[in-house]
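First the structure, in the form of structure tokens, and then the observations on it.
The sequence lines fix the lettering, A, B, ..., with proteins before strands; numbering per chain opens at 1. Computed from a predicted model, the values in this text were never measured in an experiment. Just the heavy atoms: all of them, side chains too, but no hydrogens, waters or symmetry mates, feed the values below.
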Amino acid sequence: MAKIQFIDFSGTVHAVDAELGSTVMETAIKNGIPGIEAECGGACACATCHVYIDPEWQEKVGAPSSMEEDMLDFAYDIRPNSRLSCQIKVSNDLDGLTVRTPERQA
Amino acid sequence: MADKTTTDCLIIGAGPVGLFAVFELGLLDIKAHVVDILDKIGGQCAELYPEKPIYDIPGFPSVTGQGLVDNLKAQIEPFGAQFHLGEMVTEVEALGSETAPLFSIKTTAGTEFEAKSVLIAAGGGSFQPKKPPIPGIEAYEQQSVFYSIRRMEDFRGRNVLIVGGGDSALDWTLNLASIAQRVTLLHRRDEFRAAPHSVDKMRQLVREGIVDLRIGQVIGLEGHDGRLQNALCRDNDGKTLEVKCDAMMPFFGLTMKLGPIANWGLSLHENLVPVDTEKFETSTPGIFAIGDINTYPGKLKLILSGFHEGALAAQKVQRYVHPDRRVTFQYTTSSTSLQKKLGVA
Ligand SMILES: Cc1cc2nc3c(=O)[nH]c(=O)nc-3n(C[C@H](O)[C@H](O)[C@H](O)COP(=O)(O)OP(=O)(O)OC[C@H]3O[C@@H](n4cnc5c(N)ncnc54)[C@H](O)[C@@H]3O)c2cc1C
Ligand code: FES
């Protein structure tokens with residue numbers, strides 16, 4: 001188990017347990033976090049699981065793959081800390097991770 | 001009024017499930033026409049994940065989305081179904097009776113059908129362009145903001161801003177460069193997913209000073225009464241820049257929307273069409289729903305399930321289309337009559 005904090009657009013903090021090996025998107029859906037749609041179910045094919053990684057965590061989480069970069073083109077308001085949450089696997093290294101969800105997915 | 005095309009069955013949606021239904025109907029001598037709003041067949045498999053492998057199609061340890069569509073196309077070839085691509089079915093009206101259904105169907109391209117049965121294989125709904133959540137964008141839609149282009153001439157002499165980095169964005173940049181007064185292409189990074197030769201051509205036009213390329217994202221719009229004057233953009237250093245434009249085309253990919261199906265008088269449950277699990281018929285006799293669009297207890301949104309649903313629905317369609325025929329059950333391996341239809345006997 002790892003802890004993940006989701007901060008939604010309204011500023012509400014949702015601290016939840018995440019299973020190791022699952023994805024940040026799956027964790028969000030399981031816990032009904034606002035702002036995540038995940039239309040394609042995690043196949044990196046819809047860009048409706050866009051999140052902003054807390055700057056302190058950006059290095060640990062790492063950069064998107066080129067496939068994910070391409071998919072990010074379909075999301076709105078991309079920032080340097082933008083990621084698709086279905087492409088981030090939960091590991092012990094990410095225990096305590098904080099991510100923000102956008103108001104709406106594109 | 002255009003002439004009506006008459007057919008035994010009208011299939012709405014050319015996804016994997018609609019395609020395989022052509023096969024199951026064909027074996028029962030039921031002729032079909034297929035309509036899809038996309039300009040290609042294959043639904044989600046072709047549009048969303050053509051290169052990704054699928055591992056749960058029986059008999060195929062692994063097949064890509066496009067590979068499956070290509071195989072289905074070859075498999076249904078003998079039945080000569082006619083495809084109407086780039087058209088959305090907007091109206092389905094019941095003309096017949098419960099025992100002898102008949103439907104009038106209309107599409108956005110003005111095509112009209114008269115069909116004895118309708119098979120809705122509409123998946124998650126029509127593929128439609130995604131609308132980026134730019135504040136206030138709705139006020140400009142149709143007048144200054146366009147998600148698709150019907151007539152290039154409409155852009156003659158205009159100041160056009162195209163947003164995106166895929167094939168649609170690049171194709172329209174190239175096409176409109178000679179018609180519009182000015183074309184600006186805006187993309188969030190200086191890398192493009194579009195076909196390399198289009199990217200090369202675009203860069204050539206930029207060098208020649210014909211097209212402006214800007215790197216950034218639209219964050220706001222300025223104008224009056226639906227007439228756009230400026231797009232406010234943010235570049236990657238956080239600086240705001242203004243792009244003067246009176247037309248904008250955002251290309252952010254496609255999403256599925258239920259669309260007109262909601263207006264056909266069918267019972268709906270959470271944007272899905274409830275059916276029985278014997279015939280997959282909807283609340284209107286003669287209209288069936290198969291694949292991702294339907295719902296019933298235990299429903300799984302799998303291609304495999306959609307294939308099964310098509311086979312069973314076809315049996316009931318047969319009762320409507322060939323009411324006097326004695327129903328016999330046959331295998332493709334052993335029935336010479338089925339093999340003749342497949343062109344292998
Ligand atoms: C990334 C991803 C991975 C997947 N992986 C698998 C997998 O491994 N195994 C599996 O079994 N399934 C998988 N699926 C699900 C599978 O793709 C769907 O179950 C399948 O595509 C459903 O087929 P369908 O024919 O019912 O609908 P769709 O493929 O959604 O096709 C429906 C078509 O109908 C058209 N349409 C809708 N309304 C209208 C209208 N009014 N007029 C004209 N056209 C209309 C749409 O434009 C669309 O082309 C995956 C899906 C995604 C997104
Ligand atoms: S869930 Fe679709 S891209 Fe992440």
Pair B:Arg193 + A:Glu69, salt bridge at N-O below 4.0 Å
no
Can you confirm whether A:Glu19 is buried at CD, in the sense that more than 12 heavy atoms of other residues, nucleotides or ligands lie under 6.0 Å from that atom?
no
Minimum-distance pair of heavy atoms, taken over all atoms of B:Pro133 and A:Arg104
CB-NH2, 3.5 Å
Is there a donor-acceptor pair under 3.5 Å between the side chain of B:Gln217 and the backbone N or O of A:Tyr76?
no
Counting only heavy atoms from other residues, nucleotides and ligands, does the tally under 6.0 Å from CZ of B:Arg234 exceed 12?
yes
Taking A:Thr48, A:Asp70, A:Asp73 one by one, which has the highest count of heavy-atom pairs under 4.5 Å against chain B?
A:Asp73
Between the SG atom in A:Cys40 and the CG atom in B:Leu48, the distance rounded to the nearest 0.5 Å is 7.5 Å
Grab the two heavy atoms, one from B:Lys52 and one from A:Ala45, that are nearest each other, plus how far apart they are.
NZ-CB, 4.2 Å
Is the shortest heavy-atom distance from the side chain of B:Arg188 to the side chain of A:Leu72 under 4.5 Å?
yes
Can you tell me which of B:His187, B:Lys131, B:Glu191 forms the most heavy-atom pairs within a distance under 4.5 Å of chain A?
B:His187
Taking 4.5 Å as the heavy-atom cut-off, does anything in residues 253-260 of chain B contact chain A, and if so which residues?
B:Gly253, B:Thr255
Would you say NZ of B:Lys201 has more than 12 non-hydrogen atoms from neighbouring residues, nucleotides or ligands within 6.0 angstrom?
no
Please check if atom NZ in B:Lys40 has more than 12 non-hydrogen atoms from other residues, nucleotides or ligands closer than 6.0 Å.
yes
